[in-house]
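Below is one structure, written out as structure tokens; comments come after it.
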There are 4 protein chains.
Amino acid sequence: MCGVFGIFNSEFAATETFYGLYSLQHRGQEGAGIVVSDYDDEKKKATFRIVKNFGLVSEVFRDERLLESMKGRAAIGHNRYSTMGSAKTSQNVQPFLVNYKSGHLALGHNGNLTNEKPLRKKLIDEGVLFQATSDSEIILHLIARSKATTVVEQVYDALTQIQGAFSLVILTDEHLIAARDPFGFRPLALGMRENKDKHGKKLKPTLVVASETCAFDIISAKYKREILPGEIVVIDKDSLETGEVKSIFLPKSEKKARCIFEYVYFSRPDSTIFGESVDKVRRKLGKNLSHEGGMKPIGDEKYVTVISVPDSSNTAALGFVTESNKQGSAARLELGLIRNHYVGRTFIQPGEQERGLKVRSKYNTVRGVLKNRRVVVVDDSIVRGTTSKMLVQLLREAHPKEIHLRISSPPITNPCFYGMDFPTKEKLITNQVGGDVEKIRQELGVDSLIYLSMKGLLASVPKYEDEKGSYCTACFSGNYPVPIEEATTDKEKNDE
Amino acid sequence: MCGVFGIFNSEFAATETFYGLYSLQHRGQEGAGIVVSDYDDEKKKATFRIVKNFGLVSEVFRDERLLESMKGRAAIGHNRYSTMGSAKTSQNVQPFLVNYKSGHLALGHNGNLTNEKPLRKKLIDEGVLFQATSDSEIILHLIARSKATTVVEQVYDALTQIQGAFSLVILTDEHLIAARDPFGFRPLALGMRENKDKHGKKLKPTLVVASETCAFDIISAKYKREILPGEIVVIDKDSLETGEVKSIFLPKSEKKARCIFEYVYFSRPDSTIFGESVDKVRRKLGKNLSHEGGMKPIGDEKYVTVISVPDSSNTAALGFVTESNKQGSAARLELGLIRNHYVGRTFIQPGEQERGLKVRSKYNTVRGVLKNRRVVVVDDSIVRGTTSKMLVQLLREAHPKEIHLRISSPPITNPCFYGMDFPTKEKLITNQVGGDVEKIRQELGVDSLIYLSMKGLLASVPKYEDEKGSYCTACFSGNYPVPIEEATTDKEKNDE
Amino acid sequence: MCGVFGIFNSEFAATETFYGLYSLQHRGQEGAGIVVSDYDDEKKKATFRIVKNFGLVSEVFRDERLLESMKGRAAIGHNRYSTMGSAKTSQNVQPFLVNYKSGHLALGHNGNLTNEKPLRKKLIDEGVLFQATSDSEIILHLIARSKATTVVEQVYDALTQIQGAFSLVILTDEHLIAARDPFGFRPLALGMRENKDKHGKKLKPTLVVASETCAFDIISAKYKREILPGEIVVIDKDSLETGEVKSIFLPKSEKKARCIFEYVYFSRPDSTIFGESVDKVRRKLGKNLSHEGGMKPIGDEKYVTVISVPDSSNTAALGFVTESNKQGSAARLELGLIRNHYVGRTFIQPGEQERGLKVRSKYNTVRGVLKNRRVVVVDDSIVRGTTSKMLVQLLREAHPKEIHLRISSPPITNPCFYGMDFPTKEKLITNQVGGDVEKIRQELGVDSLIYLSMKGLLASVPKYEDEKGSYCTACFSGNYPVPIEEATTDKEKNDE
Amino acid sequence: MCGVFGIFNSEFAATETFYGLYSLQHRGQEGAGIVVSDYDDEKKKATFRIVKNFGLVSEVFRDERLLESMKGRAAIGHNRYSTMGSAKTSQNVQPFLVNYKSGHLALGHNGNLTNEKPLRKKLIDEGVLFQATSDSEIILHLIARSKATTVVEQVYDALTQIQGAFSLVILTDEHLIAARDPFGFRPLALGMRENKDKHGKKLKPTLVVASETCAFDIISAKYKREILPGEIVVIDKDSLETGEVKSIFLPKSEKKARCIFEYVYFSRPDSTIFGESVDKVRRKLGKNLSHEGGMKPIGDEKYVTVISVPDSSNTAALGFVTESNKQGSAARLELGLIRNHYVGRTFIQPGEQERGLKVRSKYNTVRGVLKNRRVVVVDDSIVRGTTSKMLVQLLREAHPKEIHLRISSPPITNPCFYGMDFPTKEKLITNQVGGDVEKIRQELGVDSLIYLSMKGLLASVPKYEDEKGSYCTACFSGNYPVPIEEATTDKEKNDE
């Protein structure tokens, strides 16, 4: 997974891209980069500068002189998801920046192409050479090899040839282009900031695009709208006059396939994606989970203790508790787990592994809240199950009477070919026990385990009129909206 | 402020100290260090190794070979609070490690001495030279210059001469010593871990001391008890046979002076300090705050929205809401502010400052939760007021109907001379407006502002029998339990 | 300028490439990189690994784990010349590593192409995109786009299309290829190391190629021969059986154009290039310079003091002195200038510049040797003249009676388009004074100045039979052997 | 070994100290540090700043902001010799900076104390604690504990108590003090720079002290004189008026003991030490070596080939050749060995060690100069013999007819207790073969081996009138001028 950001007409384009990426850091921690374009109005020529490297965005730009040196009013940025590799170069870190017949071309991509292999084969047979292993490089080649004459037509031409998930930001000599695949797998939003000079006089606006709207908030820009599935948004100097962008549409897909897991876990709760507040959706996930897995106090209990796994399931837990109380099942949200703010590199010596140090270095329990309580733990999802198991062991040390695990999404049964970094099918805990939830419960060591049903999940997310299908639920259902015969997951590619 | 940790009889003493410091990272982010003692039973001689530097503990020990090289079964560690300085050396980073007539001596200190100046003057007149500006170095000299013959007596001798706040860990050739000043300003706890070999056979235990008990949890040790005000705990190889430590007591002080601000803000909620769970105390602070500053729904409101400033006021906000509901004032805890997990170095260009980027890079609002709501914001304290003001501005952008600020402690009116890093008196917002809460309200731009009263504060913290006074409340009341004529705050010292 | 190195069949291919680059460090200090190929005999498949970055080779590979992780028996490496740039990425650092239809392709290039612009334009028009600004990337595209079916034919095909200077190392899945342009601008040599196992049994040999033979010495390989102008040497597993390599030849050029400046200054004196020892040539340069600019003792002088500018003109100075004595002009070589071994980054504050700190931090005088002497200073060349001027000022402080500067090459009058990093024409001191040597003398502040004549230069370098012209002397003569209409110097490109 | 530097009244005191240390880098590569004093004339108070760390001086001050931040007109600096250590802190890196009763005290020390142990014991018994393992810390304590009232008297008092080798620079609130032990083991020189303003008006001078005069040259200061054995030079603001310094003398020693090895190897040839040019002495060493070990051409040889091991024996080799020719033994100096300019960290994999990579990465042969020649190799000294042996093997690959090794000093037979970093007695090659030169010859694999005699050595160095003995020759003779019963070598201390 990745985060993308683009900005057009800002006095501090590179610095604001830095802040945009900073707020999107959760979407990718392996590497980060910024490309800035410095357009010279007189010479009608742009100078492009690029800085990218492994690490968090605050690490890549640790030397403040880097940002200071990146002059220019338009920029794009990219956060890349964490993967492993030994003798690494930064060749796979984005944005990519190249020169081609129509000038400069910089690109940042969130998503995975599903027809990467045939496209790569075709291009290679035609004499193309690849410098990175990322599928994103293919898009650059398709643009450069298009017969179309304008940059925008070239981009359109290229995007009609690729399949799968893509939310893109592209910076050319004269445009900032943002595009989203016709299925709309990954989010992408458009924002704007009105600008004024010192005397309050209105200046030309700043236009921005980003994976999530939290990146607008940090630079005081306002969310305008979702970039639509299949839409190519073109921003150029004309846009500054009107505040309006140009839109072109790729051929429509019959169904849409917004990634429902973005709502479940991946996006930040303070963001709006796919036109809806993530917080609001997660609240509903918790509400519906309480319908399916709520608990009532028993004996002399006044209430059931509910805790979240901070911070990812905080919102769902809140929804769970609120709804439980509405339904008359007294529940109380407690802060039973504390998350360490200073999570960094840790070192586990032989002989210490079995003590769950990895989980302990991130979480600790508040014992008084848990002791002798029947505790409902709300979590968003279970992937491999190893962390959940360690967490349950940690909770047991606080001596709760019972632990009841509630998951605000269905069991994950299938890998993602559209950009989410799940492990292979065999490593998913659901598949390891043949899909038997009772066996998962035993494996994790909890007193009960209830997952939200697919129905409950779909009831929590927004509906879109006139759409036959609006979401990709492949990781839960195995229904892949785009054929995946030749596709690879992120993990497989990293092992190449 | 600082965090201290000590461990005796561990196969991985340095690594476990690393984890202890990792969990105490909130107590100091400027620098970190570990001293390990490798005792050779045959030669009856210990080799000491030290690694310390500026930065977070995970940064100081980034190169894993450092910890691997630190062999030995006893260790102490220290986290130092963030301060500024231009041409810095690591001379002030602790632990200090020296050689003296009785062998090695390593020391980590949390707290501030109040008779530093006369002691330093006396020592300097006697020909002592000082390599650091830290008052902790004085303690080392007093130990080294004691006429007593045993190490423990020398330590006792030294500690009778110093005044003020000290929670100490000391590592000598044969002992781990932990000591707390007679007033008990700073917390210090004793823990133990039972050990077994692979076959389940009982081994000698590991003994640990730490500023807070969260450092025990991370290494799976159990909290035994508070180290008492005025107690010197001596751990040596005899302690391993019995699991018991030796205690010596400094002359008693009439009153105790536990830092009440540790409960309000500084300690982690999952820790136990001064014999009580921090979480439990903060819950009571919230409960009592609701009595003094609770609000009722008005008009067609179903409930009052309550939010915390994550994560420091989460617990108090929870207590506030629970109590409000008990009292019949419908309140609902909402997640109105999201805290960025990846807080790191940021860069603010000229012209961007007024946008509150510093606050924005740490927090963002969840707009749907706040819009058109009357919102109660629970925070733990206000120091300078600048962050609170920025935060209120950020919240206003989400268009709440009203913002009501509730603080779970009284107004801060005085600096701390016992270790807490408050600014000088003039910079405290309370003093800038002449102590007028209404003026603070106006300055912060909120619709109402209520601080918890001193009475409410004292009603929230544990009582200790047979004590005339149990807490230091100087920052709120100006009543300094130890004379401060010649004392300096941390800040002043850094400006020297 | 740059250095290239390639090795085939070595147990420690990456480490030995490191040492090869280490010995070629003088050819380029901006960046360094190594690509290693790990061929799996069973799978008939190679894994390639790359590490490259800015800095000296010892800096790029400072972390010893990098080299340890680079498994494989074949490798190439590249040293890149120092240039300046603010927001730099490592995209221009070589080797380049790409994937194309025939597998992996890694390339290191020393030299400059003169038809870069038309080739780049043609490729760009065909839809090629460029990730770096280096002309070397063009060669990769030409290989990848060749219609030929074997890798070797593709390389041949590509090399017939490029013009200018190129000494190349190419690593493919199965071959190490080394090639030199038909003019033979840059040196390239072939070497071999016989290998034995512990018991003295003969093993398959290691084959190596390098810009200079000093890279063979450091890994105990033996120089076999020069790779000829226009020769493409193909090394593969068959070569290991016979110890022989395959050769293919590019279409012949009428003349050769070996860079005469490699002999004058650039190559190491312990290397053999173009089939001759650099030391031997420089000795002759000094000898011929003594014929043209030798001095006799006057008055009661017993001998004329001759000093070199260490270490680059040591050999020429030695030749100068030896020949002077043979001719009866008593001369004595003295160590009048000492070169600092620890040349590193320095800092010059405002107000200190005029003191010549840059020169002083590299050289110092031995005063006793110079005082009251008539001193002949032998240097290899003068480019801008600024360093020479500072050096003369430094020498004056030792109070010599006179300073006579002798240069072992003619005045530099023209930039290089084949790889040498000279400044533009205007910045060459010769051109600044209209080619008037007397004016240069005045500018430098010496008592006399004599350059070696073109005739003397040509008399010093080896002759090649059956060649109409053997050297490129363009920097001295302006006679460019390959048309340069569209060519750019290194400097110009860096300013783009 | 170490280098010291001090400067008084410079606009750029810290930066010029940086350059001084830069030129003294050969005296110590382990660590470097600078202390600068910023005296406020109005407040009559000095602010001291310190930066020190492991590494070369250019590495310690890599971040240019460090030097910029070090304001002040007086400074001292120190280079520390390379030693090994695993879990290192910078506590042993100098200068030391402390506070004591009379203000600030910063100290840099070159040399080794021989009564360290009894002094340390005495101080420790009196309650002193030691933060470093360096003997230099003792001097600070003696100053601080002196009963004398003025700083200068305290220093005098302290220096009368220490024995052994010390060349010191001390910075106090108002003085720069430089002192040399009564035996004069280590060099120390005084220099001055006249200053003018832009208009040529004379300003107050800058006064400097340094281990070697090369540190004066780099900052354009002039050598005034040697600081005498037993002299304490006091520089303060009065000195600026007169240009004269105050001198106090320690009680005289009967003999002097200037380290003769400074002339043989350690100092730079462009320096003046002990009142004489190092170059001139080395020339004489070579001259006298030619008397004792010169060779004549035989058969049809026109001359004997003489090479140096660059750069340390260049001067001696030159003297050897010049004198040989004077004596009628035709000899010619050739550049048979080339020294790599880019010596940095290298990596030797298992299986590569026997190839002499360590020597190869530093030196290479010029084969044409050596092939079929009888070669005399002039080197300055042999310590362990391992490098010499490798070097001979490297030379053999160039196929000389014979190799004759000539050493410009006698065999080293004893360790140094006064600061030179020799290994223990057992590791010296001379002692390993029972002092038999013929056995050393066999071990090194040369055709003949001749060391300069003690007589020849003493004939080469300057004479001082009215001195019974002027040099320490202990490493060659075992005659230790200062008792060493309780002394330790550098090496032993590092192994503690």
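Quick note on labels: first sequence line is chain A, next is B, and so on, each numbered from 1. Treat the numbers as computed from the prediction; the structure is a model and nothing was measured.
- Rounded to the nearest 0.5 angstrom, B:I338 CD1 and A:S23 OG are separated by 13.0 Å.
- For the options B:N340, B:L56, B:D217, heavy-atom pairs under 4.5 Å to chain A are most numerous at B:D217.
- The candidate from B:V359, B:N364, B:V366, B:L337 with the greatest count of non-hydrogen atom pairs under 4.5 Å with chain A is B:N364.
- Within 6.0 Å of the OH atom in B:Y303, the count of heavy atoms belonging to other residues, nucleotides or ligands exceeds 12.
- Of the possible polar contacts, none joining the A:R367 side chain to the B:D270 backbone as a donor-acceptor pair under 3.5 Å is found.
- Ranking A:K280, A:R339, A:R332 against chain B, the residue ahead of the rest is A:R339, based on heavy-atom pairs under 4.5 Å.
- The residues B:R283 and A:E334 are annotated as salt-bridged, a charged nitrogen and a carboxylate oxygen being separated by less than 4.0 angstrom.
- Taking all atoms of both residues into account, the shortest heavy-atom contact from B:S361 to A:Y22 is O-CE2, 3.1 Å.
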Worksheet entry | Derivation of the side-chain contact (heavy atoms from CB on, under 4.5 Å) call for A:H341 and B:Q25 | CA-CA 9 Å; A:H341 282 166; B:Q25 187 72 77; over 6 Å; no

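- For residues 311-320 of chain A, the interface with chain B (any heavy-atom pair closer than 4.5 Å) comprises A:D311, A:N314, A:T315, A:L318, sorted by residue number.
- Atom CG in B:L357 sits 10.5 Å away from atom CZ in A:F12 (nearest 0.5 Å).
- Rounding to the nearest 0.5 Å gives a distance of 10.0 Å between OG of B:S220 and CD of A:Q393.
- Here the closest non-hydrogen pair linking B:Y342 and A:Q29 is OH-NE2, 3.1 Å.
- Residue contact with chain A, scored on non-hydrogen atoms closer than 4.5 Å, is absent for B:S271.
- Environment of OH in B:Y223: crowded, with over 12 heavy atoms of neighbouring residues, nucleotides or ligands closer than 6.0 Å.
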